[in-house]
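Only one structure is covered here, and it is reproduced in the block below.
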Amino acid sequence: MDNMSTLNSLLTDWMRAAFQAAFPGQDQALAAVAVEPAASPEFGDYQCNAAMGLARTLRQAPRAIAAAAIAHAPPQPAVARLEQAGPGFINLTLDDAWLAARLEGMLSDPRLGAPLAGAGRTVVIDYSSPNVAKPMHIGHIRSTVIGNALDRLHRFLGYRVIADNHLGDWGTQFGILIQGYRHFLDRAALAAAPVEELERLYVRSYERARAEEDWMAQCRKELVKLQAGDPENLALWQEFIRLSRGEFDRIYARLNVTFDLTRGESHYHDRLPGVIERLESTGLARESEGALVAFFDGDKLPPCIVRKSDGAFNYAATDVATVLSRVEEFNPAAIIYVTDERQQLHFRQVFALARQLGVGAELVHVWFGLMRLPEGTFSTRQGNVIKLEMLLDEAETRALAMVRESSPNMPAEQQRAVARAVGIGAVKYADLSQNPQSLVTFSWDKALALTGNSAPYLQYAHARICSVLDKYRERHPGVRLENYPLRPELPVERALSLHLARFPDILLGAARLYRPSILADYLYALAGHYSNFYQNVPFLKEAEGIRESRVRLCAAVAGVLRQGLDLLGIEAPERI
RNA sequence: GCCCCCGUAGCUCAGCCGGACAGAGCAUCGGAUUUCUAAUCCGACGGCCGCAGGUUCGAGUCCUGCCGGGGGCGCCA
C-alpha cells in the first residue's frame, strides 16, 4: 500500500489530466484543479469546482468547460459516474466494487494506507515546556496534548521526530527562588509536596523583592552566582530541577507522553556569547540604551532586547541559540513550537533572526488561545489556579463512577484502568477537538464530557465493536474473515466505507496544517456513521456472507478508531 | 497609539485551498432496548455567521473600516 496514492491525490491527478486533455497548453491555469469530498451525499462522493474559476482564463462558459473536461477524462476504474451539475460543478461517484477493493487494500496494510510522507525528514517538536519550580496547571495541558498529538502524527507519517521538552530552567526567577529557599524553607512541606513548596518560596520571595530594594539586589546576586557556576547555588538549582522533573514525570506518565529530549534553556547557555557575537557582527543587533537590541526594519516587527543592560542574556538570545543548536545537531526540515498565543511576537522575532543567520528549516509556531475561567483569567495570585493533577484526578473519578454504574460486574482493577483511559481521554479530547486558536473558557463539564462529541463516545464505539468481534469468534470459531469479501451494500455501509477510505488524506491534512482537531473531527464523524450502522443494521444474525462482510466492516472501523485515537494519544480499551 | 487572534443556534464549539440549502454537542421536547454494550440511535425545536462596505460567477471563509472580547508591544521567560 506504500506506493498507493491517497484518494484525494488520485482523483485530483486524474481530474487535472482530464482538464489538460480538454485544454492543452493551459497547464499553468489548470494547476489549481482539485477534487474535494462532496458537500452533500446527493452530489456523489467527490466534487471538482474548477470549471467556474477557469471561465475567465479559458474564455468559455463554466458548464462548457466542465462538459469538455468530462468528455476528455481518461479511463478511471475508481469512478463510476462523472456528471456536471449546477453552474459548473463536476460530481464524482466512486465505483462500489473499486471502493470495496480499496478498503481491502487499506485493511491488509498495517499502516492503514497512510503514506510515509515524512520519510527521510526530521522535525523537532518543542512542546509542553513547563517552568521548573512551578506546578503544572490546566494552562499547561494544551501544549502537552496538542504537541504530543503532532509528535505521534508525524512519527506515524514516517518523520524522524525529536520531541524536546524545553524546560524553563534558567533565568532571573532562580535568583528569587534561591533567596526564598534560604530564608523561608519549610522542610516538611518540601518533603510532602516539593513543587508546591518551591512555588510558595518563589511567591513569597518575589513579593518581598517588589517591596524591598535590598532583597531584590540579593536575589540578583544569587542569580549571578548561579550563572557563574557557584557550587552551592548550582547544587540548589539542580535540586529544584530534580524535584520538578519528578512531578512532571508523574503527570507525563499519566498522560502517556514521552520526550526524546528534556533539555532546558540552560542547555544552551554556553552558546549565548557566540550567538550575541553573530548578531552583532552581522549588524542584526546593536547597542541601545546600554542593552543589545535586535531591529527588524525589513520585517515590520518591533525591536527586541537580546542582552540586557546588566549583561544578562534575554530569552530571545536563548531561543535563537536553541534554533541554531537544533539545526546543527539534527538538520531538521522543520522546527515546531507549541505554546500559547502570548509568544507569537516573540517567535516571529526569533524566526526572523534565525533566517537572517541562514537557517533554512521551516520554523513553525503552533499557538493556542489561553485557557480562561468563566469569571476571567486565572493566576497564582488570585488563587484560582486549577492544578493539572487535580483535573486529571477529577476526570478519573467521574469516569470511574460512570464505569461502576454501567459495568458493575467488571473487576475493580479493570474498572480503574477503564476509568483512567476514559477520564484522561476525555480531558485530552476536549483540547484536541477544537480549533486551538479560539479563546477557550474552561469548564469542568466540557473538559470532562463523557457523552456526545467526546473521547468516551469514540471509545465506546470502539469497545462495542470489540465486543461484536468477540461474539462472532465465539459463534464461528476458526473462520477466516479475510476470505469473505467486503460488500458494502446499504447506504450506511457505503458511507462508512467511503469515510474509512479517507483516513490517509485526513492524516496528511492534519499534519500539513498542524491541527490534530482535523483528525478528531474525522474520528467523531466515523464513530457517528458507525453508531448509526450499529444501531440500525443487524449483522451477527445475518446469513453467511452478509454477516462476514458487516463484521469485517466493524473490524475496519475499530482499526481506524484505534489507530486514530492512538495518534491523538488516547487509549482505546476493548471494554468500557 | 501600534500589532496579533477571536466574535457562527439559548450555552460550548466545528466549518480544510472561497463553492451547491450554514453543521455538531449540551439544553428542551417526542420516539427507539425480547436482539451485536442505550456512555447509543432516530426525530423536532433553534441561526441578519458582530456591524457596514468591497473583491468575486459565488463570501461564514478573502480585503477595508467600525463595534465588542482576549493577548502582545526594550531590560520576566
Ring centroids of A:Phe89 and B:A20 base under 5.5 Å with planes under 30°:
yes
If I take atom [atom1] in residue [X] and atom [atom2] in nucleotide [N], what distance separates them, rounded to the nearest angstrom?
X	N	atom1	atom2	value
A:Ile305	B:C73	CD1	P	11 Å
A:Leu448	B:U12	CG	C1'	14 Å
A:Arg56	B:G18	CZ	P	17 Å
A:Arg63	B:G58	CZ	P	18 Å
A:Arg342	B:G71	CZ	P	9 Å
A:Gln47	B:C21	CD	P	12 Å
A:Ile518	B:C17	CD1	C1'	12 Å
A:Trp367	B:G71	CH2	P	13 Å

When you measure from the side chain of [X], which nucleotide among [options] comes out closest?
X	options	result
A:Tyr524	B:A24, B:C36, B:A77	B:A24
A:Phe43	B:C3, B:C36, B:A20	B:A20
A:Glu36	B:C16, B:C57, B:C75	B:C16
A:Gln344	B:C73, B:C4, B:G19	B:C4
A:Glu42	B:C36, B:C21, B:A20	B:C21
A:Met52	B:C17, B:G71, B:C57	B:C57

Which is more 5' along RNA chain B, the nucleotide nearest A:Asp521 or the one nearest A:Ser288? Just name the residue.
A:Asp521
Between A:Asn91 and A:Ala291, who's closer to the 5' end of RNA chain B by nearest nucleotide?
A:Asn91
Keeping A:Ser9 on the side-chain end and A:Thr6 on the backbone end, is there a donor-acceptor pair under 3.5 Å?
yes
Indicate yes or no for a side-chain donor-acceptor contact from A:His269 to the backbone of A:Glu265 under 3.5 Å, with no hydrogens or angles considered.
no
Can [X] be said to sit on top of [Y]'s aromatic six-ring, NZ or CZ under 6.0 Å from centre and within 45° of the ring axis?
X	Y	value
A:Lys308	A:Phe313	no
A:Arg286	A:Phe295	yes
A:Arg502	A:Tyr522	no

Give me the distance, rounded to whole Å, that separates [N] from [M] when you measure between the [atom1] atoms they each carry.
N	M	atom1	value
B:C62	B:G69	P	23 Å
B:G31	B:A24	P	22 Å
B:C11	B:C75	P	40 Å
B:U37	B:A22	C1'	35 Å
B:G53	B:C17	P	27 Å
B:G7	B:G47	C1'	14 Å
B:C73	B:A77	P	12 Å
B:G43	B:G58	C1'	33 Å

Now, which nucleotide makes the Watson-Crick or G-U wobble pair with [N], with each of the two distances under 3.5 Å?
N	answer
B:C36	none
B:A59	none
B:G25	B:C11
B:C66	B:G50
B:C41	B:G31
B:G1	B:C73
B:C16	none

Syn or anti for B:C67 (syn when the glycosidic angle lies within 90° of 0):
anti
Given protein heavy atoms under 4.0 Å, the one-letter contact record of nucleotides 37-43 of chain B, with B base, S sugar-phosphate only and - none, is simply BSBBSS-
Looking for any heavy atom pair under 4.0 Å, which part of the strands does [X] touch: base, sugar-phosphate only, or nothing?
X	value
A:Gln459	nothing
A:Asn49	base
A:Lys300	nothing
A:Ala510	nothing
A:Pro538	base

Is it true that A:Arg307 and A:Glu287 make a salt bridge, defined as a side-chain N closer than 4.0 Å to a carboxylate O?
yes
Enter the distance from [X]:[atom1] to [Y]:[atom2] here, rounded to the nearest 0.5 Å.
X	Y	atom1	atom2	result
A:Tyr337	A:Tyr127	OH	OH	15.0 Å
A:Asn314	A:Leu272	CG	CG	10.5 Å
A:Asp126	A:Asp164	CG	CG	6.0 Å

Would you please confirm or rule out a distance under 4.0 Å between OP1 or OP2 of [N] and any side-chain N or O of [X]?
X	N	answer
A:Lys308	B:C76	yes
A:Lys446	B:C13	yes
A:Asn453	B:C13	no

Distance-only donor-acceptor test (3.5 Å): side chain A:Thr172, base B:C76:
no
Give the table of side-chain donor-acceptor pairs shorter than 3.5 Å for residues 415-426 of chain A, with sequence neighbours excluded, one pair per line with atom names and distance.
unit_1: A:Gln415; atom_1: NE2; unit_2: A:Ser407; atom_2: O; d: 3.0
unit_1: A:Arg416; atom_1: NH2; unit_2: A:Glu413; atom_2: OE1; d: 2.7

Suppose we screen for side-chain hydrogen bond (donor to acceptor under 3.5 Å, both in side chains). Which residues come up paired with A:Arg404, at least two apart in sequence or across chains?
none
